[in-house]
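Everything below concerns the one structure shown next.
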Amino acid sequence: MELKSIKDAFDRVANKHKLSHTKTHEIVQLLTQEIDKALSLIHDTQLDHRSILVDVKKLFTERSPTAQLESAEKELNVALTKYPKILEKQLNSEISKAYRNNAEFDTHLVNQIIANFFYRQGMFEIGDCFVAETGESECTTRQSFVEMFKILEAMERRDLEPALSWASSNSEKLKQARSDLEMKLHSLQFLKISQGQNSQEALSYARRHFAVYADSCLSEIQKLVCSLLWDKNLEQSPYSEFLSPVLWDNAVRELTRQYCNLLGESSESSLSVTVTAGTLALPVLLKYINVMANKKLDWQSVEQLPVAVELPEEFQFHSVFVCPVSKEQSSEDNPPMMMSCGHVLCKQTITRMSKNGAKTTFKCPYCPTDIDSTRCKQLYF
């Protein structure tokens with residue numbers, strides 16, 4: 001979906017509206033000033049009132065405020081007229097035609113995914129209501145997410161004890177995941193103590209907790225300890241970065257990510273990922289469906305995506321192999337096979353090139369090596 005063109009059109013409307021508002025304000029202010037000046041002259045002088053009004057009328061005629069207002073409004077109206085047309089062109093309201101009525105649909109699995117989404121967002125009442133109305137069993141992760149949100153709510157209050165306790169009890173697992181969450185939390189606790197004007201207690205805390213991170217985080221530890229020299233004026237110091245709320249935001253994100261990781265959950269909910277990926281892929285599918293309709297082909301009978309759908313890296317969770325000869329994506333029935341020369345083709349391609357096994361050898365399409373089809377090995381990603 002070309003959202004950039006929609007954004008550009010919206011920005012044009014917003015800019016024209018701003019210019020129109022500014023111009024209108026300037027003209028009204030000018031007229032107000034001239035009228036106030038004329039009224040002042042009428043009250044304070046003995047001049048003929050008619051001559052004053054004639055001068056005001058002449059000034060208004062020269063300035064032509066109505067024409068200026070009409071010009072600004074005309075530009076705004078042109079932009080407003082074009083905007084709905086761009087919306088209609090870019091936003092396809094008939095997305096239902098991309099729906100496949102022959103697709104397998106596991107209602108239980110979808111309900112579990114939706115309920116899990118509510119729980120991991122902290123919407124426990126909504127999640128419970130959804131589970132009750134659908135008749136599903138309670139999600140096994142519910143209680144774990146309740147505990148996670150208790151930790152996150154404590155962090156919002158700048159209380160790090162629950163987070164430190166959880167990180168300590170899962171210290172080994174966090175190390176295996178190469179997470180620096182514990183160091184982040186101890187750093188925040190150190191800063192919290194030092195900002196309470198208690199340098200000695202902060203130093204004692206550093207001695208107790210920072211030593212184990214000396215090899216990997218020595219530079220960060222040095223900065224933290226040196227910041228004590230500026231404890232009364234940290235915002236004016238070279239270490240003012242330690243006052244940034246971004247440090248807390250990063251710790252919250254890392255804790256959420258690692259908590260979900262230890263539960264066996266992805267950092268983003270399955271529902272969010274699926275909806276976002278579907279939204280990105282939908283324009284490509286709609287265009288292809290329109291092409292199929294023109295060629296009188298049936299979208300419902302297509303077994304795999306006939307066009308490439310480019311998604312960002314965050315939506316790529318496993319390796320995918322596409323045969324360089326057939327251009328087909330590998331599958332369980334058509335796995336990637338490595339030939340003796342090191343090049344890789346799909347199994348069906350090798351079968352076709354060996355004439356369904358009638359020929360023992362064939363030439364690799366990428367190098368002059370003679371390939372024995374019986375010696376090709378299946379690859380596992």
Side-chain angles (χ1 to χ4, degrees), residues 111-132 136-196 198 201-202 205-206 208-210 212-213 216-217 220-221 224 227 234 240-276 314-315 317:
N111 287 340
Q112 288 289 314
I113 290 172
I114 295 172
N116 191 55
F117 169 79
F118 288 133
Y119 290 140
R120 69 184 297 151
Q121 298 299 317
M123 305 176 187
F124 298 105
E125 290 184 5
I126 297 175
D128 291 342
C129 181
F130 177 81
V131 167
E136 295 287 340
S137 57
E138 183 179 297
C139 285
T140 55
T141 55
R142 183 189 186 282
Q143 189 55 39
S144 297
F145 284 127
V146 169
E147 293 172 4
M148 184 183 81
F149 272 93
K150 285 181 180 177
I151 297 173
L152 296 180
E153 287 168 4
M155 290 183 72
E156 285 184 12
R157 302 191 302 269
R158 298 304 188 248
D159 177 9
L160 287 163
E161 290 303 328
L164 286 167
S165 176
W166 179 85
S168 177
S169 62
N170 292 279
S171 180
E172 287 303 315
K173 293 178 181 177
L174 291 172
K175 286 177 183 176
Q176 291 173 10
R178 297 182 179 180
S179 170
D180 61 349
L181 175 61
E182 276 191 284
M183 180 58 193
K184 278 187 169 78
L185 295 174
H186 283 306
S187 299
L188 290 173
Q189 187 74 339
F190 171 86
L191 291 168
K192 182 182 174 184
I193 296 170
S194 66
Q195 287 164 24
N198 198 332
E201 186 182 342
Y205 187 89
R208 290 196 307 272
H209 299 287
F210 286 171
V212 294
Y213 307 106
S216 58
C217 304
E220 183 72 11
I221 292 171
L224 288 165
S227 70
L234 190 59
S240 57
E241 64 195 76
F242 291 138
L243 294 173
S244 173
V246 172
L247 295 177
W248 287 85
D249 296 339
N250 290 341
V252 166
R253 277 196 295 271
E254 180 64 11
L255 187 141
T256 304
R257 192 169 73 87
Q258 292 303 330
Y259 197 103
C260 291
N261 182 43
L262 296 188
L263 283 177
E265 297 274 336
S266 61
S267 57
E268 295 290 335
S269 73
S270 301
L271 184 63
S272 297
V273 172
T274 303
V275 171
T276 306
E314 59 264 31
F315 296 100
F317 301 100

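Residue numbers start at 1 and run along the sequence shown. Here the structure is a predicted model, which means the values were calculated and not measured.
By the 4.5 Å heavy-atom criterion applied to side chains, Leu185 and Met155 are counted as neighbours. Using a 4.5 Å cut-off on side-chain heavy atoms (C-beta onward), Ser137 and Gln112 make contact. In this structure, the side chains of Leu181 and Arg257 stay at 4.5 Å or more apart for every pair of heavy atoms. Contact of the Asp128 side chain with the Glu125 side chain is not registered, since no non-hydrogen atoms from C-beta on lie closer than 4.5 Å. Side chains of Leu263 and Met148 form no contact here, defined as non-hydrogen atoms less than 4.5 Å apart.
In terms of modelled atom types and a separation under 3.5 Å, the side chain of Ser168 and the main chain of Leu164 share no donor-acceptor contact. Distance alone, capped at 3.5 Å, places no donor-acceptor pair between the Ser165 side chain and the Pro162 backbone.
With rounding to the nearest 0.5 angstrom, the OG atom of Ser169 is 8.5 Å from the CG atom of Leu174. Here Glu268 contributes atom CD and Cys260 contributes atom SG; the two are 9.0 Å apart, rounded to the nearest 0.5 Å. From Leu234, atom CG reaches atom OG of Ser227 across 6.0 Å, with rounding to the nearest 0.5 Å. The distance from atom CG of Asn170 to atom CD of Gln176, rounded to the nearest 0.5 Å, is 10.5 Å.
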### Worked check of side chain to side chain contact (heavy atoms under 4.5 Å, CB included) between Asn116 and Phe145
CA-CA 9 Å; Asn116 191 55; Phe145 284 127; 3.4 Å; yes

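Counting heavy atoms of neighbouring residues, nucleotides and ligands inside a 6.0 Å radius, atom CZ of Arg208 exceeds 12 of them.
Ser270 and Ile113 make their closest contact through CB-CG2, 4.0 Å (heavy atoms, listed as atom of the first residue, atom of the second, distance). The minimum heavy-atom distance between Phe149 and Tyr119, with the atom names listed, is CE1-O, 3.7 Å. Counting all heavy atoms, side chain and backbone alike, Ala163 lies closest to Leu255 at CB-CD1, 3.7 Å. Scanning all heavy atoms of the two residues, the minimum distance from Leu188 to Ala251 falls at CD1-CB, 3.6 Å. Heavy atoms only, all atoms of each residue included: Met183 and Cys217 are closest at CG-SG, 3.9 Å. A pairwise comparison of heavy atoms in Ala115 and Val131 identifies CB-CG2, 3.8 Å as the closest pair.
Residues satisfying the side chain to side chain contact (heavy atoms under 4.5 Å, CB included) criterion with Val212, sequence neighbours excluded, are absent altogether. With sequence neighbours left out, the salt bridge (Lys or Arg N to Asp or Glu O under 4.0 Å) criterion links Glu156 to no other residue. For Lys192, the side chain to side chain contact (heavy atoms under 4.5 Å, CB included) partners are Gln189, not counting sequence neighbours. With sequence neighbours excluded, the residues satisfying ring-ring contact (aromatic ring centres under 6.0 Å, His included) with Phe190 are Phe210.
A salt bridge is absent between Glu147 and Lys150; no separation between the charged side-chain nitrogens and carboxylate oxygens falls under 4.0 Å. In this structure, Glu265 pairs ionically with Arg120, as a charged nitrogen and a carboxylate oxygen lie closer than 4.0 Å.
Counting only residues at least two apart or in different chains, ring-ring contact (aromatic ring centres under 6.0 Å, His included) contacts with residues 166-189 comprise Trp166-Tyr259, His186-Tyr205, His186-His209. Sorted by first and then second residue, the side chain to side chain donor-acceptor pair (under 3.5 Å) pairs involving residues 243-252 (not counting sequence neighbours) are Asn250-Arg253.
For the 3.5 Å distance criterion, the side chains of Ser272 and Ser269 qualify, holding a donor opposite an acceptor.
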